[in-house]
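Okay, so here's the structure we're looking at.
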Amino acid sequence: MLEAILLVGGQGTRLRPVTVNTPKPMVRAAGVPFLAHQIARAAAAGVTHIVMATCYLAEVFEPYFGDGSDFGVSLEYVVEEEPLGTGGAIRNAARRLTGGPDSSVLVFNGDILTGLDIAGLVDAHRAAEPDVTLHLVQVDDPRAFGLVPTDSEGRVLAFTEKPQTPEEIITDQINAGCYVFKRSVIDSIPDDRPVSVERETFPGLLAAGAVLHGVTENTYWLDLGKPESFVRASADLVRGVVASPAVPGPRGESLVLPGARVAPDAKLSGGTVVGAGASVGAGAVVTGSIVLDGAVIEPDAQVTASLIGDGATVGARTVVDAAVVGDGALVGADNELRAGARVWCRAELPPKALRFSPDS
């Protein structure tokens, strides 16, 4: 039996307006809530019991996932009344675990897509018997992440959160957000206040002489904190760049869910998803994008690397490129949204309100 804690309490502020009505892990990627991919991959790796640590919009998780039986796992839910940080969330959720002090507990984040061999990480932890094992990946620019240097045998030497100077960048290995804890270590985390596992728990364990082991596996890894990353993750799942048992259809250039309507001469490519009840009009071109349920892409519109919210409308001949259109928003005909533009939920943009000149 392998137990896990799944951290899904964040507010997803960088993804707004997508996360105004939906917590980030429940936003649909490749046709299902992103969390479905996480749970399906964990189940495939042998996880049998998952405790979900929730906070923001906590009430939406259980109605979708229930007891987890549809995913082959047993699911429980723990709600934080106030945000407790990553360490506090882990400690709070641990009261639902059933294993003893020496049992292995997988801990992973609900906003990271990875091709990590989860079973291999657990096996490495059980073989080395450290207090904590961390999944590490190497990145070209580690400044936005937590650095984790290791020795030749994989023992963690230090933690540096988001280095600010060149002198602080002593490795390209970063904390990839997936861990295996010895249960007794989780029980040592304070339970009466917010705790950061990255800034407090891990450095504190090192200072106390605990053994932390790093496993560097340079597989697919993507932090879904920003809209462009979330859209890319969905496209990569649809195209099969990274595998997930939860994708509801064959891998390919597009995924059209039941009830969607796509005009015969519309073009879908790049891992585009068209949600249930959505429609794509004649001559429209949609590339590498997420079109959520009930959204409307009108004739001759062009949508690229963008997220179109539930029930939103993109008007005829409008160009949406690397942008987000919130739930229920109406973008009128002959507009241009580019380079990170965001239209708030239920906002209305009149026809020809926003255009870019060739020199802009």
Side-chain angles (χ1 to χ4, degrees), residues 6-38 52-61 63-64 79-86 89 109-113 144-145 162 177 194 222-237 272-273 275 278 286 288-297 303-315 318-332 335-349 353-354:
L6 180 50
L7 303 175
V8 295
Q11 295 189 21
T13 53
R14 292 180 295 168
L15 274 179
R16 289 183 177 176
V18 177
T19 52
V20 169
N21 303 312
T22 307
K24 178 168 55 175
M26 292 298 289
V27 178
R28 290 182 293 287
V32 296
F34 178 71
L35 208 53
H37 301 292
Q38 299 283 68
M52 199 177 293
T54 69
C55 185
Y56 177 65
L57 297 176
E59 67 276 7
V60 308
F61 294 96
Y64 187 92
V79 181
E80 300 169 33
E81 299 303 326
E82 298 291 337
L84 295 173
T86 48
N109 286 289
D111 59 357
I112 291 175
L113 178 61
F145 305 101
K162 298 182 179 179
L222 190 61
D223 181 340
L224 275 59
K226 298 180 180 179
E228 58 268 30
S229 298
F230 197 95
V231 171
R232 176 184 161 192
S234 177
D236 286 346
L237 285 161
T272 286
V273 181
V286 186
S289 295
I290 302 172
V291 179
L292 292 178
D293 294 358
V296 176
I297 310 298
V303 180
T304 304
S306 295
L307 198 162
I308 311 301
D310 285 335
T313 298
V314 174
T318 284
V319 174
V320 181
D321 188 351
V324 178
V325 178
D327 297 346
L330 172 60
V331 179
N335 278 293
E336 292 187 30
L337 301 177
R338 299 183 185 272
R342 304 190 191 197
V343 179
W344 210 253
C345 298
R346 291 174 293 281
E348 295 188 12
L349 188 64
L354 186 60

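In terms of heavy atoms, F61 sits closest to T54 at CD1-CG2, 3.7 Å. Among all heavy-atom pairs drawn from V27 and T22, the shortest one is N-CG2, 3.7 Å. Nearest approach of G177 to N109, heavy atoms of both residues: O-ND2, 2.9 Å. Nearest approach of G326 to P17, heavy atoms of both residues: CA-CG, 3.9 Å. The two residues L222 and L224 come nearest to each other via the heavy atoms O-CD1, 3.1 Å. Across all non-hydrogen atoms, the minimal contact from A89 to L84 is N-CB, 3.8 Å.
Judged by distance alone, with hydrogens and angles left aside, the side-chain atoms of D293 form no donor-acceptor pair with the main-chain N or O of G275 at under 3.5 Å. The backbone N or O of I290 sits nowhere less than 3.5 Å from a side-chain atom of S234 that would complete a donor-acceptor pair. Not a single donor-acceptor pair under 3.5 Å links the side chain of R342 to the backbone N or O of V325. A donor-acceptor pair under 3.5 Å links the side-chain atoms of N335 to the main chain of G332, judged by distance alone. Panel note: side chain H37, backbone L237; no donor-acceptor pair is recorded below 3.5 Å. A donor-acceptor contact shorter than 3.5 Å is absent between the side chain of T318 and the backbone of E336.
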* **Steps toward side-chain contact (heavy atoms from CB on, under 4.5 Å) verdict (V331, V343)** => CA-CA 8 Å; V331 179; V343 179; 4.2 Å; yes
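Shown here is E82, whose CD atom has no more than 12 heavy atoms of other residues, nucleotides or ligands within 6.0 Å.
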